[in-house]
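To keep things clear, I will list the structure first and then write my remarks on it.
A quick note: this is a predicted structure, and the numbers were derived from the prediction, not measured.
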Amino acid sequence: MTAPDVRHWARTVRWYLRELTGEAEYDRYCERHRRRHAGAPVPTRREYDVLRTRRREERPEGRCC
């Protein structure tokens with residue numbers, strides 16, 4: 001494998017792992033938050049996880065219980 005092939009493979013694996021773990025979702029949230037609330041501090045990853053969990057529990061979508 002050549003160096004460009006290895007870099008491409010590494011980027012692909014990194015992208016997949018970030019999507020799988022939710023890290024990319026947090027990054028997208030931070031970008032949206034900065035655009036919509038320019039002066040407000042961005043929540044930490046832990047704060048974001050709490051907000052996301054709270055929202056999912058308040059508005060279940062497609063879950064039976």
Side-chain angles (χ1 to χ4, degrees):
M1 254 197 233
T2 63
D5 292 338
V6 171
R7 280 185 287 221
H8 176 71
W9 183 82
R11 279 193 307 268
T12 302
V13 169
R14 181 176 183 270
W15 173 86
Y16 180 76
L17 290 174
R18 288 175 46 77
E19 292 293 330
L20 187 66
T21 61
E23 189 67 28
E25 183 181 338
Y26 174 67
D27 291 342
R28 287 189 293 269
Y29 171 80
C30 288
E31 289 173 22
R32 259 190 331 268
H33 188 275
R34 286 185 186 106
R35 280 195 313 266
R36 293 178 182 172
H37 312 285
V42 176
T44 64
R45 175 65 191 244
R46 182 177 293 240
E47 292 168 338
Y48 168 74
D49 287 337
V50 168
L51 289 170
R52 186 177 66 167
T53 301
R54 194 176 301 150
R55 265 188 228 118
R56 285 184 178 172
E57 289 175 354
E58 290 172 356
R59 292 180 242 141
E61 297 174 7
R63 293 189 287 175
C64 66
C65 308

- Query: Any chain of hydrophobic side-chain contacts (each under 4.5 Å) joining Leu17 to Trp9?
  - Reply: yes
- Trp15-Leu20 co-clustered via ILVMFWY side chain contacts under 4.5 Å: yes
- Query: Excluding sequence neighbours, so at least two apart, what forms ring pair (Phe, Tyr, Trp, His ring centres under 6.0 Å) with Tyr26?
  - Reply: Tyr48
- Message: Under the rule for ring pair (Phe, Tyr, Trp, His ring centres under 6.0 Å), what residues qualify as partners of His33, not counting sequence neighbours?
- Response: Tyr29, His37
[X]: partners by side chain to side chain donor-acceptor pair (under 3.5 Å), with sequence neighbours left out:
X: Arg28; result: Glu19
X: Arg34; result: none
X: Arg14; result: none
X: Thr2; result: Asp5

- Query: Is it the case that more than 12 heavy atoms not belonging to Arg32 sit under 6.0 Å from its CZ atom?
  - Reply: yes
- Message: Measuring from atom CD of Glu58 to atom OG1 of Thr53, what distance do you get when rounded to the nearest 0.5 angstrom?
- Response: 11.0 Å
- Charged N to carboxylate O below 4.0 Å: is that the case for Asp49 and Arg52? yes
